[in-house]
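Presented below is the structure to which this report refers.
Protein chains get the first letters and strands the later ones, always in sequence-line order, with residue 1 at the start of each. On a predicted model such as this, the values are computed, not experimentally measured, just so you know.
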Amino acid sequence: MKVATFNANSIRLRSQVAIEWVWEHNIDALLVQETKCEDGLFPVSEFEEAGLQVVFDGQKSYNGVAIISPHPIEQVRKGYGDPAWPDDKRILAATVQGIRLINTYVPNGTKVGSDKWTYKLGWLERFGALLDQEIATFGEVLWAGDINVAPTPLDVFDSPKMLGGVCHHPDEFSRLQALVGRGLTDLFRRFHPEGGKYSYFEFVVPRSVERNLGWRIDHIYATPSYADKALACDIDLEPRKQERPSDHTMVWAELDL
DNA sequence: ATGGTGGTTAGACCA
């Protein structure tokens, strides 16, 4: 099983990049965030014509998640499934080749102390319940997506400068740790103990990719048995270097599953 | 201290 995560920053602009990358790298499941697309406008036929299955849960302008696979995508779960709590579209879980996948687009938080910041922290706290449910139901899971937290000094180009800001704040670290502490392994860090490798480069920073001024905020986590079967995990910078890219690039993991 | 760019969508909002 080769799984990957990609914040597409508009699936309508990036569908072909996603399709080509999936086939080129023999990906079994690509977890996409920020599709920015209502379900009725999702480019389903482009994926189907390319021989790929796709499931999605989107909304107008913001957020939106999808899973793309050459295989059948089964037991699809969209958000919490609670009609009393209408969620923004940030969670999509499904089973591919018998592997349970949870795709999340964690809120950015915008600015420390803002309403969106409070929402982000609460979102991370609430997500623990979904993780527990999924693990209880399926035993082992892979959780991947745009986590919007660079959890250690190794995960951002200038940790001292960014510490205490959004995506690199102790209140985020503690909440992410509470989730990861359920026995999950950060697969990228397991294979790359060194710092300086990033998955997100801001558009607003001039030549951020060339200068490697990035953040590692796109993660793949595995429960213990899956983590034991991990063979590799890496970041592919090539899509970020192409013309008119997303501000994120793909992170992938290969498992002996 | 601020702004720089980009996507969605039609003036901001979000990242």
Could you pick out which residue, A:Thr110 or A:Asn9, lies toward the 5' side of DNA chain B when each is mapped onto its nearest nucleotide?
A:Asn9
Which is more 5' along DNA chain B, the nucleotide nearest A:Tyr200 or the one nearest A:Pro245? Just name the residue.
A:Pro245
Assigned partner base of B:dG6, Watson-Crick or wobble definition, under 3.5 Å
B:dC14
Starting at atom NZ of A:Lys111, determine the distance to atom C1' of B:dA1, rounded to an integer number of angstrom.
13 Å
Would you check if there is a donor-acceptor pair between the side chains of A:Asp28 and A:Gln97 at a distance under 3.5 Å?
no
When rounded to whole Å, the CD to C1' distance for the pair A:Glu202 and B:dT5 reads 10 Å
Rounding to a whole Å, what distance do you find between A:Asn148:CG and B:dC14:C1'?
11 Å
To the nearest angstrom, the NZ-P distance between A:Lys36 and B:dA15 comes to 9 Å
Residue A:Arg90, side-chain heavy atoms: nucleotide from B:dC14, B:dA15, B:dT8 that is nearest
B:dA15
Rounded to whole Å, please give me the gap between CG in A:Asp88 and P in B:dT8.
18 Å
Among the candidates B:dG6, B:dT8, B:dA15, find the nucleotide nearest to the side-chain atoms of A:Leu13.
B:dT8
Have a look at A:Phe201 and say if it touches a base, only the backbone sugar-phosphate, or nothing, with a 4.0 Å heavy-atom cut-off.
nothing
Nearest-Å distance, CZ (A:Arg12) to C1' (B:dT8)?
8 Å
Going from CZ on A:Phe138 to OG1 on A:Thr95, what distance comes out if it is rounded to the nearest 0.5 angstrom?
4.5 Å
When you measure from the centre of the six-membered ring of A:Trp117, is the NZ or CZ of A:Lys111 closer than 6.0 Å and no more than 45° off the axis?
no
Lys NZ or Arg CZ of A:Arg100 over A:Tyr226 ring: under 6.0 Å, within 45°:
no
Inter-nucleotide C1' distance (B:dG4, B:dA15), Å rounded
14 Å
Has A:Arg244 got a side-chain N or O lying under 4.0 Å from the OP1 or OP2 atom of B:dG7?
yes
Could you check which of B:dT5, B:dC14, B:dG7 has an atom nearest any side-chain atom of A:Phe203?
B:dT5
Atom-to-atom span, CD of A:Glu38 to C1' of B:dT8 - whole angstrom:
11 Å
Taking only N and O in the side chain of A:Arg14, is any of them less than 4.0 Å away from OP1 or OP2 of B:dG7?
yes
By nearest atom, which of the nucleotides B:dG7, B:dA10, B:dT8 is closest to the A:Lys60 side chain?
B:dA10
Can you check the distance between B:dA10 and B:dC14, where both ends of the measurement are the P atom (answer in whole Å)?
15 Å
Could you check how far CH2 of A:Trp117 sits from C1' of B:dA15, rounded to whole Å?
15 Å
Take the angle between the ring planes of A:His219 and A:Tyr221 and call it parallel below 30°, perpendicular above 60°, tilted in between.
perpendicular
